Amino acid sequence: DPEGTVLITGGLGTLGTTIARHLVTTHNIRHLILTGRRGPHTPGATQLHTELTTLGAHITITTTDTTDRHALTQLLNTIPPNHPLTAIIHTAGVTDDTPLTTLTPQRLHPVLTPKIDGAHLLHDLTRNHPPTIVLFSSISGLLGGAAQAAYTAANTYLDALATNHPTTTSLAWGLWQQESDISASLTAVDRARLARSGLRPLPTEQALALFDAAVFGDHGERLLVPSPLTAPSGPASPLLRGFAPKRRPAAAHAVEERAEGLAALDAARRGAYLLDLVRTETAVVLGFPRAGAVPAERPLVELGIDSLTSVELRNRLSTATGLRLPATLTFDHPTPQA
């Protein structure tokens, strides 16, 4: 309803402002409330307010903490009856690069709170007159995310919440091509790793088209995954293997041929062959142009290996050799030569 009010949490972040503009320019929404951690002090907030107001929309920008029941109740009470709350888009969220083995309550709760507490309160406080609620989840809740145990858990909660509320849809987004607060920290190596896993960046225009299809389409689904997927070029989530061509027999044959070839070599040549294999896979994982650019005796940590890329390197070497290699491989043997 163009005369209804739409509340966007995280409404001053990249995705929130993109959706706000889209609702005003494409769907003629005229009443928006945008919440953010810094509210009117968020860089670009004043310009956004001016831009959307010029287009004829009534925009309210607040610093309301949507995980605080009292503050959120006060905000909802300010919505006038002649422009009732008809939709909520919950985009709020933060990440914290912490592997599961080092996750603590201090690292966990700041990631869970914006998504989980916010979504729970929004549902609870609007249960008497439930609006349409769109939860911005992440595909990491379905596929897992390297060093993102907390973020994965938070998004899984949103997906589960949506399946239990008939007016709620959870959108498990893949990576947007447009840089956001969450994706800004991704390096070229990180993006290459995601691409090898089968996830491709989503252009904004396509993302907005998928948003419309999900929110305004007649599909009856509570959980949708708006993300381009392609055949993974490296070890992938079991959920993505169906996108890959059937190549297990060929892969097994390649491992067998490699083992036979190694057995036929003398010790010196065998070592050189295996070193080349390690350097080749390391170059792929770290984004080096070729295997020869990877120094054989330099510590992998100095080359850029971290907890994420070490797991990928272990997985790639396991696939290439058919061996069960420990997760601590790169730390137990810290150079390519080792």
Side-chain angles (χ1 to χ4, degrees), residues 95-103 107 139-140 142-152 175 185-199 230-241 243-244 247-263 265 270-338:
T95 60
D96 184 359
D97 292 343
T98 309
L100 179 63
T101 51
T102 58
L103 198 57
R107 304 299 292 266
I139 198 171
S140 68
L142 300 171
L143 303 182
Q148 292 295 339
Y151 189 64
T152 293
L175 178 67
S185 61
L186 292 177
T187 65
V189 171
D190 293 328
R191 292 179 182 275
R193 173 172 48 79
L194 291 171
R196 289 194 296 274
S197 75
L199 299 179
T230 188
S233 60
S237 163
L239 294 178
L240 290 183
R241 287 177 187 159
F243 290 92
R247 57 188 180 189
R248 287 192 177 187
H253 182 64
V255 170
E256 186 176 325
E257 279 191 337
R258 183 174 289 115
E260 291 175 354
L262 278 168
L265 297 175
R270 190 177 302 154
Y273 180 94
L274 288 173
L275 175 60
D276 183 66
L277 173 63
V278 171
R279 294 169 79 189
T280 296
E281 298 298 343
T282 302
V284 171
V285 168
L286 294 180
F288 282 55
R290 61 190 185 284
V294 178
E297 297 288 358
R298 189 171 175 186
L300 290 162
V301 171
E302 292 183 8
L303 296 176
I305 283 281
D306 57 19
S307 57
L308 302 186
T309 45
S310 70
V311 172
E312 186 183 5
L313 179 58
R314 185 279 306 262
N315 291 344
R316 294 184 69 90
L317 290 172
S318 292
T319 300
T321 61
L323 299 174
R324 292 180 62 86
L325 301 171
T328 56
L329 179 70
T330 63
F331 300 101
D332 297 338
H333 309 282
T335 69
Q337 181 65 61

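Values reported hereafter were calculated over all heavy atoms of this structure, with side chains retained and with hydrogens, waters and symmetry mates removed. One is the number of the first residue; the rest follow in order along the sequence. Computed from a predicted model, the values in this text were never measured in an experiment.
Proximity of Val284 to Leu313: side-chain heavy atoms (C-beta onward) are nowhere separated by under 4.5 Å. Two residues are said to be in side-chain contact when any heavy atoms from C-beta on lie closer than 4.5 Å; Tyr273 and Leu262 meet this criterion. Counting heavy atoms from C-beta on, the side chains of Leu199 and Leu143 come closer than 4.5 Å.
The shortest heavy-atom contact between Ala291 and Asp276 is CB-OD1, 4.2 Å. Of all heavy-atom pairs between Glu281 and Leu317, the closest is CG-CD2, 3.9 Å. The nearest pair of heavy atoms linking Arg107 to Asp97 is NH2-O, 4.2 Å.
Taking CG of Leu274 as the start and CZ of Arg279 as the end, the distance is 13.0 Å to the nearest 0.5 Å. A distance of 10.0 Å separates CZ of Arg316 from CG of Leu277, quoted to the nearest 0.5 Å. Taking CZ from Arg314 and CG from Leu329, the interatomic distance works out to 8.0 Å, rounded to the nearest 0.5 Å. Atoms OG1 and CZ, on Thr280 and Arg290 in that order, are 12.0 Å from each other to the nearest 0.5 Å. Interatomic distance, CG of Leu142 versus OG1 of Thr152, reported as 9.5 Å (0.5 Å rounding).
Side-chain N/O atoms of Ser318 and Asn315 include no donor and acceptor closer than 3.5 Å.
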Return all side-chain donor-acceptor pairs below 3.5 angstrom for residues 330-338, not counting sequence neighbours, or 'none' if the list is empty.
{"unit_1": "Asp332", "atom_1": "OD2", "unit_2": "Thr328", "atom_2": "OG1", "d": "2.7"}
{"unit_1": "Thr335", "atom_1": "OG1", "unit_2": "Ala338", "atom_2": "N", "d": "3.0"}

Enumerate donor-acceptor pairs with a distance under 3.5 Å from any side-chain N or O in residues 292-305 to protein atoms, sequence neighbours excluded.
{"unit_1": "Arg298", "atom_1": "NE", "unit_2": "Glu302", "atom_2": "OE1", "d": "3.3"}

